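Each chain gets a letter, A, B and so on, in the order the sequences are listed, and its residues count up from 1. Source: prediction; values computed, not measured.
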Amino acid sequence: MTGAEPRAVPDRAISAEDIAKRRYFESTGRRRFVRFWVDFIRQRPLGTAGAVLIIVMLLAAAFADVVAPYDPTAINFPDLLKPPSPEHLLGADNFGRDVFSRVIFGSRTALLVGFTASLVGCTLGLVLGVASAYLGGRTDQIIQRLMDVLLSFPLIVIAIAVVAALGTGEDKIANVIAAITVPIVPRVARVVRSSALSIVQMPYIEATRSVGAGAIRIMFRHIAPNVFAPYLIMLTAFLGQAILLEASLSFLGLGVFEPTASWGLMLRGAGMQFLEQAPWLAIAPGVAISMAVFGFNLFGDSLRDALDPRLRTG
Amino acid sequence: MLRSRLAPVLALALVLAACQQTAKPPTTTVAPSAAGGEKPVAGGTLTFIVNAEPPSFDGHRETTFALLHPIAPHYSLLYKFDPNDLTKVIPDVAAEQPAVSADKMTVTIKLRQDVKFHDGTGMTSEDIKATYDKIIFPPTGVLSPRAGAYAVVSAVNATDKYTVEFKLKYPSASFLTNLASPWNFIYSAAKLKADIHFYEKNIMGTGPFLYDGNTKGQDWKGKKNPDYFGKDKDGNKLPYLDAYKALIITDANAGVTAIRSKQAMIEFRGFTPSQRDDLSRSLPNDLAIQEAPWICVNYVVPNTTKKPFDDPRVRRALTLAVDRWGGGEALSKTTIVKDVGGLMRPKGPFAMNDTDLVKIAGFGKDAKANKDAAKKLLSDAGVPNLSFKFLNRNIQTPYEPVAVYLIDQWKQVGITATHDVKETSAYQADLRAGTFEVALDFNCDFLDEPDLQLAKFWSASKAGKGLNFAYYDDTKLDGLIDAQSRETDPAKRVKLVGDIERYAMDEMAYQYPVLWWYRIIPYLNTVRGWKIGSNHYTNQDLATVWLAKK
Amino acid sequence: MRRYIVGRLLLMIPTLIGVAILTFVIMRAVPGDIVALRYAGSSVPQDVIDQERHILGLDKPMWAQFVDWMTSISHLDLGQSLWTGHSVIDEVQVRVPLSIELAVLATLFAVALAIPLGVVAAVKQDSWIDYAIRVFSIGGLAMPSFWIGIMMVLVTLTLWGWAPPVVFTPLFEDPIANLAGLILPAIAVGYRYSAVSMRMTRSTVLEVLREDYVRTARAKGLRETIVVVRHALRNALLPVVTVVSLEFAFLIGGLVVTEQVFNLNGIGKLLVDAVAHRDYPLIQALVLLLAAVFVIVNFVVDMIYVVLDPRIRYA
């Protein structure tokens, strides 16, 4: 290995295993990447199951038009509240719309909201956490206080307040996304900050600084990549929570509105009203939400275990 | 909700008996209370559900049923609707029907002499005067949203201890029915004199039930008034009940669960058909159901100040596209709308008969032909792919399903309507500012009375201010509405109303109803003595309600 | 140590002020207010509405309203609800017992679920029991608590025809009725709350089990149970306590939605109703209250930390 630090002489004879390991570590980035995932699949069945769920959801969302047998907003009164049957795999709702199709299209809404909110929130949190850790002093204090203030609000409460403030109406989705992003930022910032703090204290950062590298350069080229692991993990974890928050907001009537297909919305209207008459209306979207969040959580957990066991927080 | 812009100029026959319309009484199913021959039994506590919290305790200033249901039993009115025949107005604290002077400008009312307030003081004409002064001529700082309905009154005089006199500026027949408005609680002059805001936070009335406490957000209790003046037709003292308890349950499903687990007996607003079916399935032997058409309706209101809704062809296309007959049939299975009707309640005294109704745009039965006609109108007007934001309230029943249905119907003729749902106050703000394109409006009244139901159709800059959100001015229509208001002959009046409907909904297509609501009240069949009416505001003093022993 | 305590105490103040400002700003950014809402749909003339606004002080400039509010808070007067006209303190007082009881029950349920399961999962690491427990706990995070609530009601209704009592009975009046009303929501909220705690317990017990002193205890020949309970658990509890407190906000959020589903007259439902009614004083007071509770709980936890582990000192 060129440029590697000199290795200590092993205290036992070099075995075939050692050679194999060395080859592993010497392999190129791409093969390491593949190896990583192969090991992941082999060693972590739960995480793999989670990944499968996620992939299914992504495919459903991407190919919704093809997979869904019906138009999710097509009203068809003759099929009012029909139970699951070959024509309607998950039954029909109070407008005769096919529940299965609505669940599939619902994955689009969920992913759109979840992914955007999580991405924006985590990235903002990353920036704030790194800045806070690196810049220290006053800036750190200010950012921390701000994060504390945001963290003092329970998730739902601040989401409700933001949606109410930004208004309901036609371009709801942007508001819903904003409302969900807000509580994510401080949580990510906090974790990133503590990770970044340990890196900031390392000698090579000091070295880079003394060489004259600018603050931003240091922050983004040296610190951020090292907190990438927790960032990625939180991205997946918060994706799940974001989907859940969107469902809760829609359930409270503060998310998206009819006739858009959204899992939370399906629970709010038809799900609750026809609980006994047509329980499939409540079961299907609830299961969908649970499976989606499940998948992200399982995957995120195992990813964290695989990437850095030190980060295990439970 | 009472439409307070009446301003009618009338020379109608003033006898209240004339107001007993030749209407068919509301239909009921399985109503043991209506079946005569059962002898009322005294005793018991009625538990019922109210799904909102009363904002204050003052009936004069609030407009929500959430106040009437728990609080009306504490108060009396001058006149009220007969619990046994809800089309008739009978005296409550008045002693007899009002006497109208020859010139029809003075209405004299004799009062009962045996009415006592809950604190023991006797009721006199001073109390009536103080009450109506507060309603009609509210002092600064006192809110009276219905004051406009009494604009015809110039003064209220207490001529002697038990006689009160209303002086009118001009003859008016609907004034008398307004005396039966469920909001006009009779208050004590002494209390009002000491503090005009007394009744906003306190209860002290003359009604059949005494105030027995309330826990905010949870319940409201009343107990029998032993000195109540009311008696039933056999001379027995009213009320029959010992007490009542109103449970504040805001979630509709929790309300159904409450009845189902017998923690509550009845709810006075209405349930959806599916909730009714759930209850009948789970309580096959304990449930009674009363149903009736409701004087509540949703309107589609295109904003005529916004292009292209200033073009009557576009407005007509919007209404033609909607298949009301098919929609009514389907939606009535899952939500609280049902009947197809024009501007007056279908099957009510002023309703247009079906043969004429189907000739109006949007009310025909050939859905396909109508939709084709709509498409043609749109392309004639130059907007074949019309798209707009459809403003709606954030309430599930029935605003949401009605809107979903409308959006789908419009989609079938090439119109793309995006559902713009807002909380009530933001929705209201948009309506009043006129910033919307098309909105779903609503109207609820306590009486079949064209002056009330047509209140939204006056010119927007004149009598329709704050009510007419289609924002048009039309002197011809104003003239028509005025003419029907003065017409004394009921048959001729119906015809005039019909002309208005044809003009406003078809020719000009200003604003038009979607479907009329339908009231469904499933309740435990131990409750007797309550008859469903066409609205959820009147007949709530519970004096004649009793509980059968099982 | 005293400096640390005082320092933390002082830190709470700017946080709470920040919370107050943020709440105030957010709620005033909303178009439409309590008066417009109250007379929605009725034809009240505009000047009457303006008059009403003036009486309620809603026509003063923003900063003036904020100052008014902060002044009254310093007198411990949280204002008056615009919707009901009663003081905020009254409204809150009525509902606090229910929410507190629900929170306590949910926490008890969560802890009773989390700790034993977490320990078992750690001890039997990587076995099918471990996997099952981990899946079960993620279920708590994945399933929306309101959906769990709905499903539970569906099950009890269809199987036994039973539904929780709709009216809340205080604990001392009738304990059975009281608990009957709260048991289902407590489970719905507690299950979710237990998820993170369970995983936390598991991982800290795992770590602790690898520590030297545990190996020593094992080497001494002590029974596994004693090893786990007396040595490992005590040290694992520390992070668990942190997580329990951190997730407290989670709990409050869970209360909000669950109280809606079960129609419980608690603080969570009051908050949602207040938002629907644009009742600014009530919303502001409630959020401030909730945030204050949260901050204080955090503080208490930090104090417990200091007592339990003297090694901890923050920079």
*Asks:* Please classify the contact of A/Leu244 with chain C as side chain, backbone, both or neither, using a heavy-atom distance under 4.5 Å.
*Replies:*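 The side chain, not the backbone.
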
*Asks:* When rounded to the nearest 0.5 angstrom, what is the spacing between CD1 in C/Ile138 and CG in A/Leu298?
*Replies:*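 Those atoms lie 4.0 Å apart.
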
*Asks:* Hey, which of A/Ala49, A/Ser248, A/Gly240 has the most heavy atom pairs under 4.5 Å with chain C?
*Replies:* A/Ser248

*Asks:* Select one option (side chain, backbone, both, neither) describing which atoms of A/Pro45 are under 4.5 Å from chain C's heavy atoms.
*Replies:*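 Only the side chain of A/Pro45 comes within 4.5 Å of chain C.
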
*Asks:* If you look at every heavy atom in A/Ser290 and C/Ala142, which pair is closest and at what distance?
*Replies:* O-CB, 3.4 Å

*Asks:* Go through the steps for A/Leu150 and C/Leu22 under the test side chain to side chain contact (heavy atoms under 4.5 Å, CB included), then give the verdict.
*Replies:* CA-CA 9 Å; A/Leu150 280 179; C/Leu22 194 59; 3.7 Å; yes

*Asks:* Is there a side-chain contact between A/Phe251 and C/Pro144 in this structure, where contact means two heavy atoms from C-beta onward sitting under 4.5 Å apart?
*Replies:* no

*Asks:* Which pair of non-hydrogen atoms, one from A/Val149 and one from C/Gly18, has the smallest distance, and what is that distance?
*Replies:* CG1-C, 3.7 Å

*Asks:* Could you report the tightest heavy-atom contact between C/Trp147 and A/Val287, atom names first, then the distance?
*Replies:* CZ2-N, 3.7 Å

*Asks:* Show every salt bridge (Lys or Arg N to Asp or Glu O under 4.0 Å) that has at least one partner inside residues 43-55 of chain A, sequence neighbours left out.
*Replies:* none

*Asks:* To the nearest 0.5 Å, what is the distance between CE on C/Met151 and CD1 on A/Ile283?
*Replies:* 5.0 Å

*Asks:* List the residues meeting salt bridge (Lys or Arg N to Asp or Glu O under 4.0 Å) with C/Arg134, not counting sequence neighbours, and say none if there are none.
*Replies:*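 So C/Arg134 forms a salt bridge (Lys or Arg N to Asp or Glu O under 4.0 Å) with C/Asp130.
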
*Asks:* Step through the shown structure and confirm whether more than 12 heavy atoms of other residues, nucleotides or ligands are within 6.0 Å of OH on C/Tyr131.
*Replies:* yes

*Asks:* Counting only non-hydrogen atoms closer than 4.5 Å, does A/Phe294 touch chain C with its backbone (N, CA, C, O), its side chain (CB onward), both, or neither?
*Replies:*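 Both backbone and side chain.
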
